Amino acid sequence: MEQHNSASQILSSIIISPAFSPRTVTMAMTLSLCYLLLLVLAGDGRGEVAAFELEEATIDSIHRAFATGGLTSRGLVELYLRRIASLDPTLHAIIEIDPDGALAAADRADAAARSSSGVLPPLHGVPVLLKDNIAAAGDGGVLNATAGSLAMVGSRPARDAGVVERLRRAGAVLLGTASLSEWCNFRGPGIPAGWSPRGGQGRNPYVPSATTCSSSSGSAIAAASNMAAVTIGTETDGSIMCPSSYNSVVGIKPTVGLTSRAGVIIISQRMDTIGPITRTVSDAVHVLEAIVGYDPRDAEATRMGSRYIPEGGYKQFLTIHGLRGKRLGILRKDFFRFPSGSVQEQVFSDHFRTMSKMGAILVDNLEIPSMNVINDAMQSDHYQT
């Protein structure tokens, strides 16, 4: 444990001093990640985790490996720490990691699994990365919540955000915080998507020269590159959906009020919401079910939103025939008009045909009269419903 403490001390020395320049912070974070890689490689779990395939891992595959004894939560955390140390110096998806807190939580999860004969929590032992505007104060960790800004370094939260409390109750292991566009892309015009002074410039793992989109970019990059099976993002206007699309992962933007904003740095009380970013629809639904619900610290929104949580949860709808009979509107005018013969046109046409074959009823060329207002964050936030 002394080795892990040394890693945390290095990380702490980086993140609590606003005197460092962004370049210094980025370089120091890279060095600390490399040092952490050496520590993890020297750990005891190398043989155990070697047989588990981390790439494309899902919550279900992780839990199957736990059940068969082929993997422990500690071993999984160590795998993800290696992956982060290997890839993040290039991709810049991570702002902070908490190896001590994550390993301690993983050990508790493993102990609970050994001693329990009942059903384990739905996210038992699964590492999660949080967007850097979400507070995580538990486990004695070193995590700040800064929205990517050096001005917020050292402002450690007094308690967990509402969604973090629910993640912990669901058995999740908090691994660290993911990068983002600084201040959730509201710092000012002309700032590159996926950039913050703390995290540097995020890179799309599939096409490094392409945009990562904003602002939950680090969460999407991390999910796409298998730095964590589960990540959490926030959205005002596209900040979950856009980076999920551009980084080829799955994001769900919950209806405002389904998830608590307590303990989250937000932009708009009326528009902001917190949701999952994962590699599969199934994983996103598992996480959504874990984080929705009433929170007295965000009482007005979550009281109303909780009325619409389906009895029996969301996982009941994960069926092969889930689209049968569902009416889906296609707003081509504002979203799906692409150059004739382009790749985008072909891909979306293929998707629409697939949905039709699965039983969906497509309402094509749908138009909404107020779409120009709805689609403009600066206008729509002024309108109350």
Side-chain angles (χ1 to χ4, degrees), residues 15-16 18 22 25 29 92-98 128-138 141-168 172 174-188 191-200 202 212-223 228 230-244 251-254 256 258-277 287 291 295 297-298 301 377 381:
I15 62 177
I16 65 173
V25 171
M29 188 66 182
H92 301 290
I94 310 298
I95 284 189
E96 295 181 20
I97 49 177
D98 177 16
V128 174
L129 285 168
L130 306 170
K131 187 176 178 180
D132 183 50
N133 62 334
I134 302 173
V142 297
L143 298 176
N144 290 258
T146 69
S149 173
L150 291 173
M152 294 288 286
V153 172
S155 59
R156 300 185 184 179
R159 62 179 294 185
D160 286 340
V163 291
V164 174
E165 290 177 349
R166 289 186 173 273
L167 285 168
R168 292 193 198 275
L174 298 190
L175 192 58
T177 57
S179 188
L180 72 164
S181 301
E182 187 183 16
W183 294 114
C184 301
N185 206 37
F186 256 57
R187 174 185 173 180
I191 305 300
W195 178 86
S196 76
R198 295 204 64 213
T212 61
C213 204
S214 297
S215 69
S216 302
S217 52
S219 300
I221 295 167
V230 171
T231 71
I232 304 295
T234 69
E235 175 163 340
T236 307
D237 174 43
S239 293
I240 290 176
M241 304 308 295
C242 188
S244 296
I252 295 179
K253 176 189 179 179
V256 173
L258 282 178
T259 54
S260 170
R261 286 85 54 85
V264 181
I265 300 171
I266 65 171
I267 295 168
S268 166
Q269 286 283 351
R270 180 173 172 268
M271 298 173 66
D272 278 42
T273 187
I274 291 84
I277 299 178
V287 178
I291 63 176
D295 183 351
R297 292 189 289 154
D298 190 12
D381 197 33

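What you see is a predicted model, and the numbers here were worked out from it, not measured in a lab.
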With rounding to the nearest 0.5 angstrom, report the [atom1] to [atom2] distance, [X] to [Y].
{"X": "L143", "Y": "L130", "atom1": "CG", "atom2": "CG", "result": "7.5 Å"}
{"X": "F186", "Y": "D237", "atom1": "CZ", "atom2": "CG", "result": "8.0 Å"}
{"X": "D272", "Y": "K253", "atom1": "CG", "atom2": "NZ", "result": "8.5 Å"}

Begin with the C-alpha distance, continue with both residues' side-chain angles, and end with the deciding distance and a verdict on side chain to side chain contact (heavy atoms under 4.5 Å, CB included) for M152 and E182. CA-CA 11 Å; M152 294 288 286; E182 187 183 16; over 6 Å; no
Ignoring hydrogens and angles, tell me if any N or O in the side chain of [X] forms a donor-acceptor pair with the backbone of [Y] under 3.5 Å.
{"X": "E235", "Y": "I240", "answer": "yes"}
{"X": "S260", "Y": "G162", "answer": "no"}
{"X": "D132", "Y": "T177", "answer": "no"}

For [X], check side chain to side chain donor-acceptor pair (under 3.5 Å) against everything at least two apart and list the hits.
{"X": "T259", "result": "T273"}
{"X": "S244", "result": "none"}
{"X": "N185", "result": "none"}

Problem set entry | I232: which of L174, L167, V164 passes side chain to side chain contact (heavy atoms under 4.5 Å, CB included) |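 Going through L174, L167, V164 one by one, the side chain to side chain contact (heavy atoms under 4.5 Å, CB included) with I232 is satisfied by L167 alone.
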- Give me the one residue out of S217, C184, S179 that meets side chain to side chain contact (heavy atoms under 4.5 Å, CB included) with K131.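 When S217, C184, S179 are each tested with K131, the side chain to side chain contact (heavy atoms under 4.5 Å, CB included) holds only for C184.
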Can you list everything that forms a salt bridge (charged side-chain N to carboxylate O under 4.0 Å, His left out) with [X]? Sequence neighbours excluded, please.
{"X": "D160", "value": "R168"}
{"X": "D298", "value": "R261"}
{"X": "R166", "value": "none"}

Using distance alone, with no hydrogens and no angle criterion, decide if R198 and T146 have a side-chain donor and acceptor under 3.5 Å apart.
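Yes.
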Do S214 and S181 meet the criterion of a side-chain donor-acceptor pair at a distance under 3.5 Å?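 Short answer, yes.
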Q) Can I94 and L129 be said to form a side chain to side chain contact (heavy atoms under 4.5 Å, CB included), step by step? A) CA-CA 9 Å; I94 310 298; L129 285 168; 3.5 Å; yes
I need the minimum non-hydrogen distance between [X] and [Y], along with the two atoms involved.
{"X": "A136", "Y": "P157", "answer": "N-CG, 3.7 Å"}
{"X": "N144", "Y": "S155", "answer": "OD1-N, 3.6 Å"}
{"X": "L180", "Y": "G148", "answer": "CD2-N, 3.5 Å"}
{"X": "S268", "Y": "T236", "answer": "CB-CG2, 4.2 Å"}
{"X": "A262", "Y": "D295", "answer": "CB-OD2, 3.6 Å"}
{"X": "A178", "Y": "G218", "answer": "CB-C, 3.7 Å"}

Could you go through the side chain to side chain contact (heavy atoms under 4.5 Å, CB included) check for S196 and I95 one step at a time? CA-CA 10 Å; S196 76; I95 284 189; 4.2 Å; yes
* Asked: Within a strict 4.5 Å, meaning less than it, do heavy atoms of the W183 and I265 side chains meet?
  ->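 The answer is yes; the side chains approach within 4.5 Å.
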Checklist line | pair T212-I221: side-chain heavy atoms closer than 4.5 Å | finding: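 In contact.
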**Request:** Take V163 and I134 through the test side chain to side chain contact (heavy atoms under 4.5 Å, CB included) and record every step on the way to the result.
**Result:** CA-CA 9 Å; V163 291; I134 302 173; 4.1 Å; yes
- Query: Can you list the steps and then say if N133 with T234 is a side-chain hydrogen bond (donor to acceptor under 3.5 Å, both in side chains)?
  - Reply: CA-CA 8 Å; N133 62 334; T234 69; 3.1 Å; yes
